[in-house]
Amino acid sequence: MDHLAPEYPLIYPARIRKIVPWYEELIDTVVKTTIYISESRHCNCRTVLEMGLGDGHLAECLLSASPDTTVLGLEISQHVCKAVSARLDDYCRQKRLKIFNNDIREIGSLKSQIGCCCKVITCSLLLHDIHPDKRLEFLKGCYNILAPTGSIVLADPMLTGSEFMDQILVDDWVKCMRENGVPAADIEKLKIDDPHMFKAINEEDLVGLFYKAGFKIVRVIWRHCNFVVVIASKADQNARCSHHE
Ligand SMILES: C[S@@+](CC[C@H](N)C(=O)[O-])C[C@H]1O[C@@H](n2cnc3c(N)ncnc32)[C@H](O)[C@@H]1O
C-alpha cells in the first residue's frame, strides 16, 4: 500500500514551492554543499545517497551539477519511484541514478544493498516525517552507511526552543505562505496534515542527536524563518577514506 496518491509526484513541484517560498534557495544550498563535500574530501568516490525523492528535482540538480556523481535514491512510495525513474530515465540508463524502493527507517539493513562508499547523504524535507523516537536510530544508520570522510546535509524545519522566538519564526513563515498565494484554509489544513513542520525539532536537540549518533562536527549553514540546512560530518576534512588510498 502506497501512502501517497499516484498524482503526488506531479502535484509536488508546485505545492512545495508554494508552502516553502525559498525552496529553490534551500535546494541550491543543499546541492552546492553536497557537491563541494563530495569533490573536496580525500576520496574519489562520488556517490550521494538521497533520502526521499519527491519529484526527483534534488536528484536531478545533483546529477547535472556534477558529471561524476552517482545518486542512490531511497524512496518509500512506489508511485514516486516510478515517476522519478521515468522522468530521469537517461540518468538511470547511464547508471548514474539508482532508485531503491525502501523505507529509510530500515537504513541499517540497506548497507549491503547499497554496497559502496557513500560520501554524502542528503536528507531534504524528510526528518520531520520520522517519529521523534526513531530519529536517533535513523541518524545512527546514516552514520554507519557513510564513508569515514562522509557528511550528511540535512534540510528541514527547525525551531529554537524559545517559545517567543519560535512563534515569530512560524508566524513569518505563515505570512510568507500567504504572500505566496496559499489560502488561509490550506495553511490550517497543513497544520493538521503536517503538524511536525510547525512544531519542528529544536536546533539544540538536533545537534545533540547528531553527536549521539557519532557525528563529530555539526553546523547550521543556512536559515530562512524556521527552515535550516545543517551539515554533520563524521570527521574533519583531513580524514582519509580507506577505499581510495
Ligand atoms: C517532502 S518530500 C521531499 C522531497 C525532496 N527530498 C525535496 O527536498 O524536495 C518527502 C519524500 O520522502 C518520501 N518519504 C517519506 N517518508 C519516507 C520513508 N520513511 N522512507 C523513504 N521515503 C520516505 C516521500 O514519499 C516523499 O517523496
Side-chain angles (χ1 to χ4, degrees), residues 2-34 50-62 73 75-77 79-80 83-84 87 104 122-132 134-135 138 152-207 209 219-231:
D2 207 313
H3 74 298
L4 297 176
E7 57 275 16
Y8 173 88
L10 298 175
I11 296 166
Y12 181 76
R15 180 174 154 76
I16 197 69
R17 284 166 180 78
K18 281 232 151 169
I19 63 176
V20 185
W22 38 84
Y23 178 73
E24 294 293 350
E25 194 183 314
L26 178 148
I27 292 295
D28 193 48
T29 306
V30 171
V31 170
K32 285 188 176 136
T33 308
T34 300
E50 200 208 335
M51 307 284 188
L53 291 169
D55 65 334
H57 176 65
L58 173 54
E60 187 176 15
C61 291
L62 288 165
E75 169 57 53
I76 197 168
S77 159
H79 300 313
V80 168
V84 176
R87 191 161 88 79
I104 55 159
T122 59
C123 180
S124 172
L125 303 181
L126 180 53
L127 186 76
H128 64 275
D129 269 345
I130 301 174
H131 190 281
K134 296 283 173 197
R135 287 177 185 158
F138 166 66
I152 175 164
V153 179
L154 186 142
D156 218 48
M158 198 167 79
L159 293 173
T160 66
S162 144
E163 229 175 90
F164 176 74
M165 267 304 292
D166 293 345
Q167 195 58 55
I168 293 174
L169 294 175
V170 172
D171 286 351
D172 275 354
W173 174 38
V174 168
K175 188 167 158 262
C176 291
M177 280 195 273
R178 294 287 288 128
E179 285 167 2
N180 214 20
V182 183
D186 287 10
I187 297 175
E188 290 311 307
K189 190 168 181 308
L190 189 65
K191 281 184 190 166
I192 295 163
D193 293 347
D194 222 340
H196 299 296
M197 286 187 100
F198 293 83
K199 293 192 187 334
I201 188 165
N202 293 334
E203 182 169 336
E204 235 177 53
D205 292 342
L206 180 66
V207 171
L209 281 185
R219 284 194 199 104
V220 175
I221 57 159
W222 179 94
R223 176 185 275 284
H224 208 123
C225 290
N226 50 331
F227 286 79
V228 295
V229 176
V230 180
I231 308 176

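When reading the values below, keep in mind they use all heavy atoms of this one structure, side chains included, and skip hydrogens, waters and symmetry mates.
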Could you report the tightest heavy-atom contact between [X] and [Y], atom names first, then the distance?
{"X": "C61", "Y": "V31", "result": "CB-CG2, 3.6 Å"}
{"X": "H79", "Y": "A5", "result": "CD2-C, 3.7 Å"}
{"X": "T122", "Y": "E50", "result": "OG1-CG, 2.9 Å"}
{"X": "S124", "Y": "I27", "result": "OG-CD1, 4.0 Å"}
{"X": "E25", "Y": "T29", "result": "O-OG1, 2.8 Å"}
{"X": "E75", "Y": "G54", "result": "OE1-N, 3.8 Å"}

Please round to the nearest 0.5 Å and tell me the distance separating atom [atom1] of [X] and atom [atom2] of [Y].
{"X": "D156", "Y": "H196", "atom1": "CG", "atom2": "NE2", "result": "11.0 Å"}
{"X": "K134", "Y": "I130", "atom1": "NZ", "atom2": "CD1", "result": "11.0 Å"}
{"X": "Y23", "Y": "L125", "atom1": "OH", "atom2": "CG", "result": "6.5 Å"}
{"X": "C123", "Y": "L58", "atom1": "SG", "atom2": "CG", "result": "10.5 Å"}
{"X": "I11", "Y": "I16", "atom1": "CD1", "atom2": "CD1", "result": "13.0 Å"}
{"X": "Q167", "Y": "D172", "atom1": "CD", "atom2": "CG", "result": "10.5 Å"}

How about [X] and [Y]: do any of their side-chain heavy atoms sit closer than 4.5 Å?
{"X": "V228", "Y": "W222", "answer": "no"}
{"X": "R223", "Y": "E203", "answer": "yes"}
{"X": "L209", "Y": "I201", "answer": "yes"}
{"X": "Y8", "Y": "D55", "answer": "no"}
{"X": "K191", "Y": "K199", "answer": "no"}
{"X": "V170", "Y": "L159", "answer": "yes"}
{"X": "V182", "Y": "L190", "answer": "no"}
{"X": "L154", "Y": "V229", "answer": "no"}

Side chain to side chain contact (heavy atoms under 4.5 Å, CB included) assessment of L126 paired with D129: CA-CA 5 Å; L126 180 53; D129 269 345; 4.1 Å; yes

Stepwise side chain to side chain contact (heavy atoms under 4.5 Å, CB included) test for V230 and L206: CA-CA 10 Å; V230 180; L206 180 66; 4.1 Å; yes

Report, as yes or no, whether the 6.0 Å neighbourhood of atom [atom1] on [X] holds more than 12 heavy atoms from other residues, nucleotides or ligands.
{"X": "E204", "atom1": "CD", "value": "no"}
{"X": "E163", "atom1": "CD", "value": "no"}
{"X": "R87", "atom1": "CZ", "value": "yes"}

From CA spacing to verdict: side chain to side chain contact (heavy atoms under 4.5 Å, CB included), M158, N226: CA-CA 5 Å; M158 198 167 79; N226 50 331; over 6 Å; no

Charged N-O contact under 4.0 Å between K32 and D28: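 Salt bridge present between K32 and D28.
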
Parallel, tilted or perpendicular: rings of F227 and W173 (30°, 60°):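 If you compare the ring of W173 with that of F227, the planes turn out perpendicular.
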
Worked check of side chain to side chain contact (heavy atoms under 4.5 Å, CB included) between R17 and E24: CA-CA 8 Å; R17 284 166 180 78; E24 294 293 350; 2.7 Å; yes

Expected output: side-chain D166 to main-chain G161 donor-acceptor under 3.5 Å: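 Flag set: sc D166 to bb G161 pair under 3.5 Å.
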
